[in-house]
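Indexing begins at 1, ligand by ligand and atom by atom, following the structure's order.
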Amino acid sequence: MIAIGSDHGGFALKKALMAHFDRRGVSYKDFGTYSEESCDYPVYAKKVAEAVASGECERGILICGTGIGMSITANKVHGIRAALCGDCFSAKATRQHNDANILCMGARVVGEGLAIMIADVFLSTPFSNSERHLRRISQIED
Ligand code: RB5
C-alpha cells in the first residue's frame, strides 16, 4: 500500500498519478488534500510520513509545487527518508543507496509523464542491501 498526499499545488499531479496507479493495479491510500483550495503542505506531509513510519503503508509519495516543503517536513518524522526527485536516475539511486521510503516531487517542476516514470522507477527499485549503504543509513538515525 502506497500513501499519497499533496497540497493544492500538487493536487492535479496527484490525481494523474492515482489514475495511473488505478490502471496498473497499484493500491494506494490518499491522505489529501482533496481539492485545489489553498492549504498547508505540512499537514499532508505529516499524515503520509506518519503512515509510512508506523508501517501502515510501505512507501509514500508527496507532491507540492516544488516538492521542497514536503521533503523538509517529511524528513522531520523519525524513520523517514524522503527524497526529492526530478529525474529517474535519482529515483533509482535513492532507492538503491538510501532506501528512501518517501518520494517527493514538485508539480511545478516535473510534467505528468516524467512524474509517472519517476514514481514507477521509485516503486519498482529495491534497496541494494549492501553493507556500505546499510552502514551509512544507520548513521543518519544516530
Ligand atoms: C504553495 O504555493 C507552495 O509553496 C507549495 O506547494 C510548495 O511548493 C512548498 O514547498
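A heavy-atom separation below 4.0 Å is not found between Met70 and ligand 1.
A 4.5 Å side-chain heavy-atom check between Lys15 and Glu112 finds every atom pair outside the cut-off. Put simply, the side chain of Ile102 does not reach to within 4.5 Å of the side chain of Ile61, judged on heavy atoms. Residues His97 and Arg136 have side chains not in contact (no heavy-atom distance under 4.5 Å, counting atoms from C-beta outward). Between Phe31 and Cys57 there is a side-chain heavy-atom pair separated by less than 4.5 Å.
Summary of contacts: the protein heavy atom closest to atom 5 (C) of ligand 1 is Asp7 OD2, 3.2 Å. Summary of contacts: the protein heavy atom closest to atom 10 (O) of ligand 1 is Gly69 N, 2.9 Å. Protein heavy atom in closest approach to atom 1 (C) of ligand 1: His8 NE2, 3.7 Å. The shortest contact between atom 3 (C) of ligand 1 and any protein heavy atom is with Arg108 NH1, 3.9 Å.
Residue Gly65 places at least one N or O, backbone or side chain, under 3.5 Å from an N or O of ligand 1. An N or O contact shorter than 3.5 Å is missing between Ile68 and ligand 1 by distance.
The CE atom of Met105 sits 14.5 Å away from atom CD1 of Ile68, with the distance rounded to the nearest 0.5 Å.
A side-chain donor from one of Asn98 and Thr94 sits under 3.5 Å from a side-chain acceptor of the other.
Contact annotation for atom 8 (O) of ligand 1: protein present (non-hydrogen atoms, distance under 4.0 Å).
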